[in-house]
Amino acid sequence: MARVTRFAPSPTGPLHLGHAFAALTAAARGDRFLLRIEDIDTARARSDYETAIYDDLSWLGLHWEAPVLRQSERLNLYRQTVDSLEKSGLTYHCTCTRGDIRAALSAPQEGAPVIGPDGPVYPGTCRHAGHRDGAIRLDMAKAMARAGDVTFTDTGRQPGLHRRDAEQMVAEIGDIVLARRDIGTSYHIAVVTDDAAQGITEITRGEDLFEATFIHALLIRLLGLPQPLWHHHRLIRDDSGKRLAKRDDARALAKYREDGATPGDIRRMLGMSLPGD
Ligand code: GLU
Ligand code: ZN
């Protein structure tokens with residue numbers, strides 16, 4: 001079976017070495033390599049960053065198949081994904097603001113808030129409130145009763161089968177938001193919808209998203225989508241160990257290029273072998 005991989009950058013800033021590593025890793029692992037622009041965060045996504053992504057990737061020597069998927073054009077499809085989970089009775093509406101959630105979590109009986117891959121674990125305030133509008137959350141306990149244990153296979157840094165049971169998913173992740181009030185979707189819904197639509201067989205991405213993969217594997221199961229493999233790769237850090245993506249002054253790939261670096265120099269800086277090495 002052809003291995004299909006993808007690179008899925010958000011056009012919210014210039015690509016830096018960490019992105020180059022993710023893109024080169026994905027391309028090297030696929031017989032077919034696809035590109036997806038994750039621009040649902042319309043407040044932060046910019047078209048000039050998107051153009052720069054194509055320039056930088058071409059400069060690195062990468063080729064991807066047409067068409068490039070742009071998430072901002074697919075909001076209706078994400079709505080359908082959320083609808084099908086709503087129809088299965090696994091969701092509820094939530095009208096809490098961030099402040100409401102913070103206040104509920106700081107109540108003395110709550111103990112220390114657990115921070116999951118989707119932020120603080122939601123205290124469940126609206127679970128039985130019967131609201132008819134607001135954000136849409138997944139009722140994690142119900143979802144797990146339907147799906148059984150969540151499993152996925154990683155071919156990257158933590159190779160093998162990973163598993164979480166209902167108790168862990170409820171305590172460590174909780175009732176995640178499937179559809180934000182403003183955009184009607186969430187990263188999780190968009191990513192599982194698109195990886196299935198693009199026929200991705202191995203999802204290659206940074207290990208910072210490892211815990212979020214339990215959410216995606218669960219959604220894939222609930223939606224009856226094909227289960228891919230995941231390849232979580234190392235993150236590129238600076239000399240002090242800080243993740244480049246989190247550093248405001250992380251040097252853009254375009255800057256290295258202007259300074260005369262070659263794509264081969266970039267691969268060497270990333271500790272990647274050159275084609276033909
Ligand atoms: N858009 C995400 C990012 O820029 C990547 C998501 C993914 O690979 O699943 O970090
Ligand atoms: Zn709520």
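What you are looking at is a predicted structure, and each value in this text was computed from that prediction instead of being measured. Whatever order the structure lists ligands and atoms in, that order sets their numbers, starting from 1. Residue indices begin at 1 and follow the sequence shown.
Protein heavy atoms are absent from the 4.0 Å sphere centred on atom 10 (O) of ligand 1.
The Ala8 neighbourhood of ligand 1 comprises atoms 1 (N), 2 (C), 3 (C), 4 (O), 5 (C), with distances under 4.0 Å to a heavy atom of that residue. Each of the following atoms of ligand 1 lies closer than 4.0 Å to a heavy atom of Glu38: 1 (N), 2 (C), 5 (C), 6 (C). The distance from ligand 1 to the heavy atoms of Val191 drops below 4.0 Å at these ligand atoms: 9 (O). Remark: ligand 1 atoms within the under-4.0 Å shell around heavy atoms of Ser10 are 1 (N), 4 (O).
Excluding waters, the protein N/O/S atoms found under 2.8 Å from the Zn ion (ligand 2) are Cys94 SG, Cys96 SG, Tyr122 OH, Cys126 SG.
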Less than 3.5 Å apart, which donor and acceptor atoms pair up between the side chains of residues 98-105 and the rest of the protein, not counting sequence neighbours?
{"residue": "Asp100", "atom": "OD1", "partner": "Thr97", "partner atom": "OG1", "Å": "3.4"}
{"residue": "Asp100", "atom": "OD2", "partner": "Thr97", "partner atom": "N", "Å": "2.9"}
{"residue": "Asp100", "atom": "OD2", "partner": "Thr97", "partner atom": "OG1", "Å": "3.2"}

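Aromatic ring centres of His128 and Tyr92: separated by at least 6.0 Å. Phe21 has its ring centre no less than 6.0 Å from the ring centre of His16. Side-chain rings of Tyr78 and Tyr187 stay apart, their centers remaining 6.0 Å or farther from each other.
At a 4.0 Å cut-off, at least one heavy atom of Tyr187 sits close enough to ligand 1 to count as contact.
Taking atom 7 (C) of ligand 1 as the reference point, the nearest protein heavy-atom neighbour is Arg6 NH1, 3.3 Å.
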Open item on the list: Please determine whether salt bridge (Lys or Arg N to Asp or Glu O under 4.0 Å) holds for the pair Glu202 and Arg3, giving the CA-CA distance in whole Å, both sets of side-chain angles, and the decisive distance to 0.1 Å.
Closed with: CA-CA 7 Å; Glu202 189 185 78; Arg3 292 173 309 164; over 6 Å; no

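Between Glu50 and Arg70 there is a salt bridge, since a side-chain N of the basic residue sits under 4.0 Å from a carboxylate O of the acidic one. One finds a salt bridge joining Asp195 and Arg36 here, because a Lys/Arg side-chain nitrogen approaches an Asp/Glu carboxylate oxygen to under 4.0 Å.
Contact annotation: the side chain of Thr201 never approaches that of Leu229 to less than 4.5 Å [non-hydrogen atoms, C-beta and beyond].
Residues passing the side chain to side chain donor-acceptor pair (under 3.5 Å) test with Gln168, sequence neighbours excluded: none. Applying the salt bridge (Lys or Arg N to Asp or Glu O under 4.0 Å) test to Arg137 and every residue at least two apart in sequence or in another chain returns nothing.
Annotation: Thr204 places no N or O atom under 3.5 Å from an N or O atom of ligand 1; distance criterion only.
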